[in-house]
S.K.: 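Before anything else, here's the structure in question.
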Protein chains: 2
Amino acid sequence: MKGNNLGEFEELALLTILVLGDDAYGVTIKQAIIKQGERQISRGALHTALSRLEDKGFLTSRQGEASEARGGRPKRYYEVTNKGKEALHEAKATRDRLWNQIPEVRLELQYAW
Amino acid sequence: MKGNNLGEFEELALLTILVLGDDAYGVTIKQAIIKQGERQISRGALHTALSRLEDKGFLTSRQGEASEARGGRPKRYYEVTNKGKEALHEAKATRDRLWNQIPEVRLELQYAW
DNA sequence: AACACCAAGTCTACATTTTAGAACTTTATT
DNA sequence: AATAAAGTTCTAAAATGTAGACTTGGTGTT
């Protein structure tokens with residue numbers, strides 16, 4: 001890819017991180033995505049996407065603390081970079097522009113009879 | 001994939017077909033995508049996506065006539081199915097919902113100084 | 001100190017999507 | 001018949017998406 005296009009899952013992940021703000025790490029991101037009701041995802045799936053996004057400069061991460069509850073491995077918090085935000089805006093703009101060019105009629109569902 | 005998620009290129013293609021309406025076939029779709037100014041794509045790339053979308057029931061195709069100008073192989077016209085439209089609406093809804101949950105501040109670009 | 005146990009991140013490997021470019025097909029023109 | 005034009009189809013590789021097993025780092029219990 002040219003390097004600036006986001007895959008659909010990547011985009012979903014970035015948006016979710018922006019929604020979560022300060023509290024975006026693996027588990028919360030996963031929960032949020034699932035809660036959006038859209039799909040089931042695994043830890044692994046998410047983390048590979050996140051680390052690819054980081055490689056490409058769409059987000060950065062920093063080590064956090066362990067969970068209070070019962071200990072556990074330290075969290076890794078994610079933050080969307082400027083580049084990431086720009087990519088999101090661009091993706092949105094392109095699609096919005098396309099949606100605006102579609103006449104209403106053409107969106108109606110057809111039923112056989 | 002589960003079977004109902006659209007890849008980002010797939011989505012772009014479906015939207016473009018809706019924009020083009022009656023005149024959507026390989027070449028016009030390709031031109032339209034490029035003209036949206038977003039990217040360069042090859043014939044092959046587009047056609048594989050289209051046929052995959054057809055396999056998945058997001059669009060149908062029918063054979064058309066050859067070009068008037070100078071002949072040539074008959075065109076294949078594409079049309080988005082109900083299922084395709086629904087998938088587009090869903091994808092849009094999910095993202096719009098996410099965008100609405102992002103506070104303005106969090107979208108601002110950061111500059112070092 | 002040793003051990004169980006929990007929360008989370010990392011690794012591995014395979015499936016699906018994206019991509020480009022070469023090859024092919026059909027028709028028109030000369 | 002040969003060549004050109006307008007398209008589509010094939011092939012193969014790179015990028016993304018995905019699940020599940022594995023590891024690590026911490027806390028609590030004895």
Side-chain angles (χ1 to χ4, degrees), chain A residues 1-14 16-17 20 23-34 38-59 61-78 87 91, chain B residues 1-14 16 20 23-34 38-56 58-59 61-78 87 91:
Chain A
M1 200 172 275
K2 200 186 63 208
N4 255 59
N5 291 93
L6 295 169
E8 88 98 19
F9 185 56
E10 294 179 327
E11 190 174 354
L12 191 56
L14 285 184
T16 303
I17 291 170
L20 290 171
D23 195 38
Y25 67 100
V27 174
T28 50
I29 298 170
K30 176 171 187 256
Q31 282 175 346
I33 290 179
I34 289 172
E38 305 314 333
R39 52 168 74 182
Q40 212 43 47
I41 62 166
S42 69
R43 242 95 78 54
L46 180 57
H47 279 282
T48 29
L50 292 176
S51 92
R52 275 181 203 146
L53 283 167
E54 189 164 13
D55 288 347
K56 293 197 280 181
F58 292 119
L59 48 77
S61 69
R62 60 176 211 284
Q63 281 269 142
E65 353 67 45
S67 171
E68 309 84 46
R70 182 74 205 271
R73 192 171 196 170
K75 303 168 166 72
R76 175 170 290 281
Y77 288 103
Y78 291 92
Chain B
M1 201 171 275
K2 200 186 63 209
N4 253 59
N5 292 91
L6 295 169
E8 86 98 18
F9 185 57
E10 293 179 328
E11 189 174 354
L12 191 56
L14 285 183
T16 303
L20 290 172
D23 196 37
Y25 68 99
V27 173
T28 50
I29 299 170
K30 176 171 187 257
Q31 282 175 346
I33 290 178
I34 290 172
E38 305 315 332
R39 50 166 74 182
Q40 213 40 48
I41 63 166
S42 69
R43 244 108 50 72
L46 180 58
H47 279 282
T48 32
L50 293 175
S51 91
R52 214 178 329 112
L53 284 167
E54 188 164 13
D55 289 347
K56 293 197 281 182
F58 292 119
L59 47 78
S61 71
R62 60 174 212 284
Q63 281 268 143
E65 353 66 45
S67 172
E68 309 83 47
R70 181 75 203 271
R73 192 169 195 169
K75 304 166 166 73
R76 174 171 292 280
Y77 288 104
Y78 291 92

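Proteins come first, then strands; the chains are lettered A, B, ... in the order of their sequence lines, and each starts at number 1.
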S.K.: Once rounded to the nearest 0.5 Å, what's the spacing between atom CG of B:L50 and atom CG of B:D55?
M.R.: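 Here the rounded value is 11.0 Å.
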S.K.: Go nucleotide by nucleotide along DNA chain C from the 5' end; which of A:R52 and A:Q63 gets its closest nucleotide reached first?
M.R.: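 Going by which nucleotide is closer to the 5' end, it is A:Q63.
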S.K.: Using salt bridge (charged side-chain N to carboxylate O under 4.0 Å, His left out) as the criterion, list what pairs up with B:R52, not counting sequence neighbours.
M.R.: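 Only B:E10 meet the salt bridge (charged side-chain N to carboxylate O under 4.0 Å, His left out) criterion with B:R52.
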S.K.: Can you check nucleotides 20-23 of chain C for protein contacts, nitrogen or oxygen pairs under 3.5 Å, and list what you find?
M.R.:
from: C:dA20; atom 1: OP2; to: B:S42; atom 2: N; distance (Å): 2.9
from: C:dA20; atom 1: OP2; to: B:S42; atom 2: OG; distance (Å): 3.3
from: C:dA20; atom 1: N7; to: B:S42; atom 2: OG; distance (Å): 3.2
from: C:dA20; atom 1: N7; to: B:A45; atom 2: N; distance (Å): 3.3

S.K.: Who are the side-chain hydrogen bond (donor to acceptor under 3.5 Å, both in side chains) partners of A:T48, not counting sequence neighbours?
M.R.: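 None.
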S.K.: OP1 or OP2 of C:dT18 versus the side-chain N and O atoms of B:R39: is any pair under 4.0 Å?
M.R.: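 The answer is no; no side-chain N or O of B:R39 sits under 4.0 Å from OP1 or OP2.
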S.K.: Quick check: does any side chain N or O of A:E8 sit under 3.5 Å from a backbone N or O of B:N5, one acting as donor and the other as acceptor?
M.R.: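 Absent.
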S.K.: Could you tell me the separation between the CG atom of A:N5 and the P atom of D:dT16, rounded to a whole number of Å?
M.R.: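 Rounded to whole Å, this separation is 9 Å.
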S.K.: Would a distance-only check, ignoring hydrogens and angles, find a side-chain to backbone donor-acceptor pair under 3.5 Å from A:T16 to A:A32?
M.R.: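 Between the backbone of A:A32 and the side chain of A:T16 there is no qualifying donor-acceptor contact (under 3.5 Å).
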S.K.: Check every atom of D:dT16, D:dT8, C:dT19 against the side chain of B:R76 and return the nucleotide holding the closest atom.
M.R.: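 Side chain of B:R76 sits closest to D:dT8.
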S.K.: Grab the CD-P distance between B:E8 and C:dT18 for me, whole Å please.
M.R.: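 One finds 7 Å between P of C:dT18 and CD of B:E8, rounded.
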S.K.: Apply side-chain contact (heavy atoms from CB on, under 4.5 Å) to the pair A:F9 and A:I41, showing each step before the final yes or no.
M.R.: CA-CA 10 Å; A:F9 185 56; A:I41 62 166; 3.9 Å; yes
S.K.: With a 4.5 Å limit on heavy-atom distance, are the side chains of A:R76 and A:R62 in contact?
M.R.: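 A:R76 vs A:R62: side chains apart.
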S.K.: What's the CG-P distance between A:L6 and D:dT16, to the nearest Å?
M.R.: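 That distance rounds to 9 Å.
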S.K.: Could you tell me whether the phosphate oxygens of C:dT17, OP1 or OP2, come under 4.0 Å of any side-chain nitrogen or oxygen in B:K56?
M.R.: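 Result: yes.
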S.K.: D:dA5 P sits how many Å from B:K75 NZ, rounded?
M.R.: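 Going from B:K75 (NZ) to D:dA5 (P), I get 16 Å.
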S.K.: With the threshold set at under 4.0 Å for non-hydrogen atoms, list the residues of residues 23-31 of chain A touching DNA chain D in residue-number order.
M.R.: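 Contacting residues: none.
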S.K.: Rounded to whole Å, how long is the line connecting atom CD1 of A:I33 with atom C1' of D:dA19?
M.R.: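 Taking atom C1' of D:dA19 as the reference, CD1 of A:I33 is at 15 Å.
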S.K.: Which residues pass the side-chain contact (heavy atoms from CB on, under 4.5 Å) test with A:A45, sequence neighbours left out?
M.R.: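 With neighbours one apart ignored, the set is A:S42.
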S.K.: Could you check how far CG of A:L50 sits from P of D:dT18, rounded to whole Å?
M.R.: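 Value for this atom pair: 13 Å.
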S.K.: Once ring-ring contact (aromatic ring centres under 6.0 Å, His included) is applied, do any residues pair with A:Y25, and if so which ones, sequence neighbours excluded?
M.R.: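 A:Y25 satisfies ring-ring contact (aromatic ring centres under 6.0 Å, His included) with A:Y77 once adjacent residues are dropped.
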S.K.: I need the NE2-P distance between A:H47 and D:dA21, as an integer number of Å.
M.R.: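 Between P of D:dA21 and NE2 of A:H47: 17 Å.
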S.K.: Nearest whole angstrom, please: distance from the C1' of D:dA19 to the CZ of A:F9.
M.R.: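 In whole Å, D:dA19 C1' and A:F9 CZ are 11 Å from each other.
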